Amino acid sequence: MLMSTPRSLALRLETTWNPPTDEKEFSYVLRLKNLSSEPLSGFALCVSGPGRVDPAGIVEGATISKRLSNFTEFQPPEGFVLAGGETWTITVRALSWQFRHWNDGANSAYLAFADGTTVSLGTEPTRTSSSNAPLKRGAEVYPVPSNPPVPLAIIPWPNHVAVSSRRPLPAGFALKAAAPDAQAAAESFTALVEHLFSAEGLIRSEAEGAVPVELRHVEGLGAEAYRLAFSPETITVEASAQTGFVYGLVTIGQIWRGARLHPQAFHFPAAGEIIDEPTMSWRGLHLDVARQFYGSAEIKKLMAVLAWNKLNRFHWHLSDDEAWRVEIDAYPALTQIGAWRGHGLPMPPLLGSSPARTGGYYTKAVVRDIVGYAKGLGIEVLPEIDMPGHCYAMLQAIPELRDPNEAGSYYSVQGFPDNCINPAREKTYEVIETILSELIELFPFKTIHIGADEVPLGAWSGSPEALARLRELAGDDVAEAHAKRLNVITNTHGADDIHGSGAAVLQAEFLERIQAFLASKGCVTGGWEEAAHGDRIDKDKSYLCSWRNVEVAAELAGRGYEIVVCPGQVYYLDMAMRPDWDEPGGSWAGYSDAEKIYTFDPVGGWTDVQKEKLRGIQACIWSESMTDRAIFDRLVFPRLSALAETGWTKPSAKSWERFKALAGTMPLLYGLHQF
């Protein structure tokens, strides 16, 4: 049996999804091919998701020696030797959910040997017997027609557009600003253009032929409102605040780029005006950086993309079961342990991670830089530390958060065991308040999102401290019933609703206490809709992100909660656009292409009283499938712009045909078009 890594191996892993038929159950087949002449033994095959092998799954050809969520280690039969030219076949007949798309299967794999060495395997997308269509990656192309419905390329479409005639396309623009807010806007916009279109010359000097753009401070406009006046010699931007100037300049930049890149379709106006302001105050994007890590350069470019779409909130999901991504001085283990994944580490390779130590986190200096850059573009940044659930990585770093006498296990819907910090322990509040105090200093928007989603029904059911506290809060019967939930495992995303359970009682007290702490620091508390369980949080100092559907959002608004609407069926940008195998993305919430997002009414069926509690809308990116950045571009664009126009443009002024004609002029994060 080999005890070290052979150096002359040529190996290939192929995976196949066989959907169920009338005659057969579904199967997920992994084939490890030894393409060399050297025999192979003494190894295990390690793969990671997004797809998850069910704990009780039927596996043929191997046994499961380790499993954590989407990470699985397959052990060959005892004494197994994979001879040169032969194939080891593993058939899995039970998964946490059936595969629907090509990215559902293994997206990383490696061999692990007894001496601790590893060999990475190249992985190809999972194939299926039901489709031979080319797999889609990169943003979907929306061709710009030669005769679009409007002569100007602007997204979101402004409230008032009254322009006439056309002029030769300016070589670029020289910004003239006197007032401090106008000067700051000019600097921020210049940095934005450098980020997105560095070689195009949109901002240049008059010596290089630029047309002057005069930025004038006026009173009486909203913070995000602006007025543009066009003449043959100059352009004027009027605003009352820095963000208004930035948005006015974005509109000029969009008009110019449309006419430059598509002169047959668009032109630059010689005269007229544009008067504009948004319909909704909260136009956001959520990004999960725990499942996949995005470097600071990616985040800053994303801020520029958001500003180009006139989006003004960035919800930064900095922690989850899979990782912890922000520096905390008081607890360095959070990033020393929680930010890294790899073979033999407390956090194994997950969701495409390699066996090598991979991952990352944001230092405080980087966070301050990103927050300041975003602020200059009119974007407020709010962090999320998801709790009391989704804390597996935190608990690996700070194990003293657990009740030392806790027995048994419960599992989260994503397959993580014992992933909730304990609301019955004073240590919990000491740690969380210390973490939040450091975060508050980094995020001047004074809004902290604390998650509160997807706490398993069995959470804390094996903790004597938690059960004792539950007896005090709800009585012996509730505590006894909760203790009997010790082995609950939920396997349907979002189905583990804890409302009315012992876990809900404990979570409600936890959230009330954390929110009171944040309020004492002058902060607003954000949460997912499950934070409403028990109605313990202060509605005047909080808001909820409603993710299940608009009916739940309306019901919560009717109960007095301020709501940001982000239903998974429409605004979750990790969901595939279509049910086809060749499309990447998730499927549990359904499918939504750009047209569905664009035409969706986020307050459909709401009463006038409920609408008073609407903060706005938000797209959410969960990153399980985003190892491949071409998948990011495909899933996010132009759907992000479709949401942006819903948040900005009056419903009566929206037009799918116009949007579709203009969508191809908008920038991508990575610039990867369909291929």
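All values derive from a computational prediction rather than experimental measurement.
No side-chain donor-acceptor contact under 3.5 Å links Asn549 to the backbone of Ala553. Judged by distance alone, the side chain of Asn18 and the main-chain N or O of Tyr28 form no donor-acceptor pair under 3.5 Å.
Less than 6.0 angstrom separates the ring centroid of Trp528 from the ring centroid of His286. The distance between the ring centers of Trp324 and His390 does not fall below 6.0 angstrom. Residues Tyr670 and Phe632 bring their aromatic ring centres within 6.0 Å. Aromatic ring centres of Trp622 and His317 lie closer together than 6.0 Å. Separation of the Trp17 and Phe99 ring centroids falls under the 6.0 Å cut-off. In this structure, Phe600 has its ring center closer than 6.0 angstrom to the ring center of Tyr571.
Comment: Arg100 does not engage Glu583 in a salt bridge, judged by the lack of any side-chain N to carboxylate O separation of less than 4.0 angstrom. Between Glu595 and Arg639 there is no salt bridge, since no side-chain N of the basic residue sits under 4.0 Å from a carboxylate O of the acidic one. A salt bridge is absent between Lys596 and Asp593: the closest approach of a Lys/Arg side-chain nitrogen to an acidic carboxylate oxygen does not fall below 4.0 angstrom. The pair Glu73-Arg67 does not count as a salt bridge, with every side-chain nitrogen at least 4.0 angstrom from each carboxylate oxygen.
For residues 338-360, the set of pairs meeting the side chain to side chain donor-acceptor pair (under 3.5 Å) definition, not counting sequence neighbours, comprises Tyr110-His343, Arg341-Ser353.
Counted by atom type alone, Thr87 and Thr89 present zero donor-acceptor pairs between their side chains at under 3.5 Å.
Ring geometry for Trp88 against Phe43 counts as perpendicular: the plane angle is over 60°, on a 0 to 90° scale with 30° as the lower cut.
Shortest non-hydrogen contact noted between Ser592 and Val570 is OG-O, 3.1 Å.
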For this session: Go through Val29 and Thr15 one step at a time and tell me if the side chain to side chain contact (heavy atoms under 4.5 Å, CB included) criterion holds.
Result: CA-CA 6 Å; Val29 181; Thr15 59; over 6 Å; no
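In this structure, CG on Asp321 lies 7.0 Å from CZ on Arg291, to the nearest 0.5 angstrom. In this structure, CD1 on Ile597 lies 8.5 Å from CG on Leu640, to the nearest 0.5 angstrom.
Proximity of Leu287 to Ser623: side-chain heavy atoms (C-beta onward) are separated by under 4.5 Å at one or more points.
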